[in-house]
There are 2 protein chains.
Amino acid sequence: MSKLDESLLTGLPPFSLLERGQIREILDQALPKRYDEGAEIFHEGHDAERFHLLLDGYIRVVKTTEGGEQIIALHISPGQLFGIAPALNRDTYPATAIAASESLALSWPVRLWGEFTTKYPGFATESYSTLGQRLGEMQTRITELATQAVEQRVAAALLRMVTQSGRKVEEGIEIAFPVTRRNISEMTGTTLHTVSRLLSAWEKDGIVHSTRKHIVVTAPHRLVLLSGAQG
Amino acid sequence: MSKLDESLLTGLPPFSLLERGQIREILDQALPKRYDEGAEIFHEGHDAERFHLLLDGYIRVVKTTEGGEQIIALHISPGQLFGIAPALNRDTYPATAIAASESLALSWPVRLWGEFTTKYPGFATESYSTLGQRLGEMQTRITELATQAVEQRVAAALLRMVTQSGRKVEEGIEIAFPVTRRNISEMTGTTLHTVSRLLSAWEKDGIVHSTRKHIVVTAPHRLVLLSGAQG
DNA sequence: CCGCAAGTTTGCTGAAGGACAAAGAGGTCC
DNA sequence: GGACCTCTTTGTCCTTCAGCAAACTTGCGG
């Protein structure tokens with residue numbers, strides 16, 4: 001396999017302060033890998049042997065309950081670190097990571113985490129900032145689940161995906177990876193039936209346009225109203 | 001004010017690896033403060049000027065929604081750090097901290113955070129472990145809110161408090177700080193009415209014994225059944 | 001010792017949304 | 001091109017629990 005191009009990492013937050021030579025060093029230790037849609041990158045409870053950086057595609061981080069239900073904990077977009085158990089001193093992965101679409105990621109053995117954080121300026125800081133943001137997002141979801149009705153939560157979930165991964169198309173803004181009704185229900189703590197009903201209603205109102213596994217938000221501002229201080 | 005005794009910190013996880021001299025240094029820079037029940041230690045959105053260590057008492061970390069509802073994000077027990085915004089690169093507090101009972105805490109200016117993490121072995125590691133645990137707890141709560149019925153969530157919340165702060169009394173295990181029905185509803189995303197009904201029912205079944213702001217769990221094992229794989 | 005505030009209990013009602021059921025609509029694999 | 005599997009839609013029923021209302025209890029402050 002030929003050498004990875006340095007431009008892959010240049011400009012990504014965790015590495016933005018580094019020189020060419022340092023980036024070269026980091027890349028030479030990285031293992032690149034491609035994942036098909038639905039492929040598992042790592043599994044909840046397994047030994048955390050590597051930490052990862054998503055270059056292209058989208059990742060869903062998922063927890064499974066004893067009852068077999070799945071909860072989507074997090075979505076990862078290109079440029080983000082994930083599976084960073086070592087940052088929190090964990091030796092097993094707390095959740096399972098699955099490619100939401102065809103994806104490309106780099107990974108490094110966890111023993112390099114300590115090296116990276118001490119050797120490269122900004123790496124530790126940026127990583128912990130990311131963690132802080134994720135903590136904040138989780139707090140927001142707890143608050144939503146505890147206080148808001150299903151319709152508001154689903155609207156908020158759509159908006160979150162649009163914000164994180166929206167790409168402009170002529171009809172509006174499209175969520176850039178495949179999403180099923182069931183996926184949305186696993187983000188919002190409801191059933192796929194209820195999500196389907198909501199999307200049908202919103203389609204009728206001209207707020208979204210959706211086909212199988214594929215959603216375009218045509219009137220984001222109206223979703224904001226639905227998600228927040230009611231409309 | 002006389003010097004703080006070194007035994008205050010000896011043995012607490014963040015400082016367990018340090019020598020006397022180092023502990024002395026840390027203590028000399030600490031500001032001790034007592035808080036009445038209900039007193040605010042810091043407020044959501046304010047500049048994070050200090051980070052804190054709880055020595056005695058219990059702290060509730062609370063978020064308020066636009067609608068004015070409160071959500072209890074976290075309980076802090078003696079020996080734990082809190083308000084550690086600097087660890088996550090935040091410059092404002094993400095939530096409000098309130099003394100659940102009369103409490104005593106030390107605090108340091110945030111500029112010392114960097115110094116502590118580099119200078120004292122184990123401090124950074126222990127702090128990030130704590131953070132990892134909190135992240136895990138939050139994930140658990142999200143899962144609960146998304147998949148479990150009210151009764152299970154309330155049972156789980158009681159068990160969590162018992163685990164974190166239970167002290168043995170003759171009738172069973174008592175939650176060591178004042179808790180109202182409203183507080184419990186703010187942890188579980190329900191109403192105080194529903195919580196009151198559940199506690200009444202459990203009282204009748206001999207699972208708990210509660211008086212105003214005060215709860216003793218007399219049959220923890222039965223609560224476990226209620227909280228988990230249904231009873 | 002009285003009045004008031006905060007916390008608690010209980011009843012009733014209605015709506016939200018979960019559970020169950022069944023059928024249609026794309027895609028994909030052979 | 002057919003069989004099958006996954007995803008989606010829609011209908012009906014029924015439980016759970018939030019909302020509203022009102023009374024009761026306990027403890028504190030004046």
Side-chain angles (χ1 to χ4, degrees), chain A residues 36-38 60 65 67-72 98 100-102 144-155 157-158 175 177-205 208-216 226 230, chain B residues 36-38 60 65 67-72 98 100-102 144-155 157-158 175 177-205 208-216 226 230:
Chain A
D36 285 327
E37 181 176 332
R60 263 191 271 279
T65 66
E69 292 159 295
Q70 300 222 323
I71 298 295
I72 298 181
I98 293 174
S101 60
E102 187 181 347
E144 278 177 17
L145 283 165
T147 67
Q148 306 203 304
V150 168
E151 183 177 41
Q152 303 180 298
R153 304 206 301 265
V154 173
L158 283 189
I175 295 171
F177 51 89
V179 206
T180 66
R181 312 288 183 258
R182 171 165 293 280
N183 286 332
I184 297 176
S185 75
E186 289 168 350
M187 297 180 226
T188 52
T190 178
T191 61
L192 78 160
H193 307 276
T194 300
V195 173
S196 178
R197 279 181 239 272
L198 284 172
L199 287 182
S200 296
W202 290 342
E203 182 110 33
K204 204 164 299 171
D205 290 354
V208 302
H209 176 65
S210 70
T211 57
R212 163 178 266 236
K213 288 183 149 207
H214 191 88
I215 301 180
V216 179
L226 286 172
Q230 100 273 4
Chain B
D36 285 326
E37 180 177 333
R60 264 192 272 277
T65 65
E69 293 159 294
Q70 302 222 322
I71 298 296
I72 297 180
I98 293 174
S101 60
E102 187 182 347
E144 278 177 16
L145 283 165
T147 65
Q148 306 202 304
V150 169
E151 183 177 41
Q152 302 180 299
R153 303 205 302 264
V154 173
L158 283 189
I175 294 172
F177 51 89
V179 206
T180 65
R181 312 289 182 258
R182 171 164 293 279
N183 286 331
I184 297 177
S185 74
E186 289 168 350
M187 295 180 228
T188 51
T190 178
T191 61
L192 77 160
H193 308 276
T194 300
V195 173
S196 178
R197 280 181 241 270
L198 284 170
L199 287 182
S200 296
W202 291 342
E203 181 109 36
K204 204 164 300 173
D205 291 353
V208 303
H209 175 65
S210 70
T211 56
R212 164 178 268 234
K213 287 182 148 207
H214 192 87
I215 301 180
V216 180
L226 287 172
Q230 101 274 5

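So that the names make sense, note that chain A is the first sequence line, chain B the second, and so on, each numbered from 1. Hydrogens, waters and symmetry mates play no part in the numbers below; they use all other heavy atoms, side chains included.
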**Student:** Do B:R181 and B:I215 touch side chain to side chain, with heavy atoms closer than 4.5 Å?
**Tutor:** yes

**Student:** Could you tell me how far apart A:E186 (CD) and C:dG18 (P) are, to the nearest whole angstrom?
**Tutor:** 14 Å

**Student:** Hey, does the side chain of A:T194 come within less than 4.0 Å of C:dG17's phosphate (OP1/OP2), counting only N and O?
**Tutor:** no

**Student:** Say you draw a straight line from NE2 of B:H214 to NE2 of B:H209; how long is it, rounded to the nearest 0.5 Å?
**Tutor:** 8.0 Å

**Student:** Would you give the length of the straight line joining atom CZ of B:R182 to atom CD1 of B:I72, rounded to the nearest 0.5 angstrom?
**Tutor:** 10.5 Å

**Student:** Any N or O donor-acceptor pair under 3.5 Å from the base of C:dG11 to the side chain of B:R197?
**Tutor:** yes

**Student:** Nearest 0.5 Å, what's the OG1-CZ distance between A:T147 and A:R153?
**Tutor:** 9.0 Å

**Student:** Scan A:L192 against the nucleic acid and name what it touches under 4.0 Å (heavy atoms): base, sugar-phosphate only, or nothing.
**Tutor:** base

**Student:** Backbone N or O of B:L192 within a donor-acceptor pair of the B:S196 side chain at under 3.5 Å?
**Tutor:** no

**Student:** Specify the separation, in whole Å, of atom CG of A:L198 and atom P of C:dG17.
**Tutor:** 8 Å

**Student:** Please check if the side chain of B:Q70 supplies one atom and the backbone of B:E186 the other of a donor-acceptor pair under 3.5 Å.
**Tutor:** no

**Student:** In Å, rounded to the nearest 0.5 Å, how long is the span from CD of B:E203 to OG1 of B:T211?
**Tutor:** 9.0 Å

**Student:** What distance separates A:I71 CD1 from A:T188 OG1, expressed to the nearest 0.5 Å?
**Tutor:** 9.0 Å

**Student:** For the helix from C:dC1-D:dG30 to C:dC30-D:dG1, what angle separates the axis at the start from the axis at the finish, each from five pairs, in steps of 10°?
**Tutor:** 40°

**Student:** Can you give the first and last nucleotides of DNA chain D, 5' to 3', that have an atom under 4.0 Å from a heavy atom of chain A?
**Tutor:** D:dT6 to D:dT12

**Student:** Any side-chain N or O of B:S196 less than 4.0 Å from the OP1 or OP2 oxygen of C:dT8?
**Tutor:** no

**Student:** Sugar-phosphate means primed atoms, P, OP1 and OP2; the rest is base. With that split, encode nucleotides 22-30 of chain C 5' to 3' as B, S or - using protein heavy atoms under 4.0 Å.
**Tutor:** ---BBS---

**Student:** Run B:F177 and B:N183 through side chain to side chain contact (heavy atoms under 4.5 Å, CB included) and show every step you take.
**Tutor:** CA-CA 12 Å; B:F177 51 89; B:N183 286 331; over 6 Å; no

**Student:** If I take atom CD1 from residue B:I184 and atom CG from residue B:L158, how far apart are they, to the nearest 0.5 angstrom?
**Tutor:** 5.0 Å

**Student:** Can you tell if the side chain of A:V150 reaches within under 4.5 Å of the side chain of A:L198, non-hydrogen atoms only?
**Tutor:** yes

